[in-house]
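Structure first, then comments.
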Amino acid sequence: GEDVEQSLFLSVREGDSSVINCTYTDSSSTYLYWYKQEPGAGLQLLTYIFSNMDMKQDQRLTVLLNKKDKHLSLRIADTQTGDSAIYFCADSWGGYSTLTFGKGTMLLVSP
Amino acid sequence: NAGVMQNPRHLVRRRGQEARLRCSPVKGHSHVYWYRQLPEEGLKFMVYLQKENIIDESGMPKERFSAEFPKEGPSILRIQQVVRGDSAAYFCASSPLTSGGTDNTDTQYFGPGTRLTVL
């Protein structure tokens, strides 16, 4: 069935760039999403990309999509300690919007 | 706050009791989704509802779990005769409508979740 995979952990220093990677299996994915979850909180939508795009930039966030390799990445420029959280990649497919999530990447930003 | 509201935020039940989780979608949203997050796991889809209709319940366990989204009032996820394995965070999301086109009107906005603990 449908599967979304992410690396589990990433550690960076404040001010560096962070790159979180995700792979998915469903070639009929329509939208791909990045959500952020802080401890004990719900999911905050960060950004999304339509499957016919290969890049989207939104302030410090850059999403790259390689549809051929089914690879999605989220780059956070000038990473801050407040960016420490779990980042989930998700895709939607089919006639409606059920989301399939990866297990999340824990980003730890040290001063 | 015009976002998705869920209550209670924390719920403790003993084995065999019933748990009722409520979700009020963003005003104007007619589509509700329930997801479950087990410890150190991603979110797993459970059920997708529109007003008075269950559209897809393929992710919901066949027994003890039910969901509704009545014409008036919040969506309810009901778990009967809870067991320890039901302990998880349950998230609700809403979207305005679904579309297979390029306009992403089906983006889901999530509530803060209900953390269920079964003793």
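Below, all heavy atoms of this structure are taken into account, side chains as well, without hydrogens, waters or symmetry copies. These figures come from a predicted structure and were not determined experimentally. Naming: A, B, ... by sequence-line order, numbering from 1 per chain.
- Aromatic pair A:F101/B:Y35: centroids less than 6.0 angstrom apart.
- There is a path of hydrophobic side-chain contacts, each under 4.5 Å, that joins A:F50 to A:L72.
- Note on B:M46 and A:F88: separate hydrophobic clusters, where clusters join Ile, Leu, Val, Met, Phe, Trp and Tyr whose side-chain heavy atoms are under 4.5 Å apart, directly or indirectly.
- Against chain B, the residues from residues 102-110 of chain A that qualify, each with a non-hydrogen atom under 4.5 angstrom away, are A:G102, A:K103 in number order.
- There is a path of hydrophobic side-chain contacts, each under 4.5 Å, that joins A:L65 to A:W34.
- With a 4.5 Å cut-off on side-chain heavy atoms, B:Y109 and A:L45 count as touching.
- Placement of B:L11 and B:I79 within a single hydrophobic cluster is found when ILVMFWY residues are connected by side-chain heavy-atom separations under 4.5 Å, directly or transitively.
- Within the 4.5 angstrom heavy-atom criterion, no atom of B:Q6 approaches chain A.
- When heavy atoms are compared at a cutoff of 4.5 Å, A:Q37 approaches chain B solely by way of its side chain, counted from C-beta outward.
- Here the closest heavy-atom approach between residue A:T98 and residue B:Y33 is recorded as N-CE2, 4.4 Å.
- In this structure, B:F110 and A:L99 have side chains that are in contact, with non-hydrogen atoms separated by less than 4.5 Å.
- Linking ILVMFWY side-chain heavy atoms closer than 4.5 Å, directly or via other members, places A:L64 and A:L46 in two distinct hydrophobic clusters.
- Under a cut-off of 6.0 angstrom, the local environment of CD in A:Q57 is crowded, with over 12 non-hydrogen atoms contributed by other residues, nucleotides or ligands.
- A:R60 CZ: more than 12 foreign heavy atoms inside a 6.0 Å radius.
- Atoms CZ and OG1, on B:F45 and A:T100 in that order, are 9.0 Å from each other to the nearest 0.5 Å.
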Could you go through B:T107 and A:Y33, starting from their C-alpha distance and side-chain angles, then the distance that decides it, and tell me whether this counts as side chain to side chain contact (heavy atoms under 4.5 Å, CB included)? CA-CA 9 Å; B:T107 296; A:Y33 299 83; 4.0 Å; yes
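- B:K44 NZ: 12 or fewer foreign heavy atoms inside a 6.0 Å radius.
- Interatomic distance, B:Q108 CD to A:Y35 OH, rounded to the nearest 0.5 Å: 5.5 Å.
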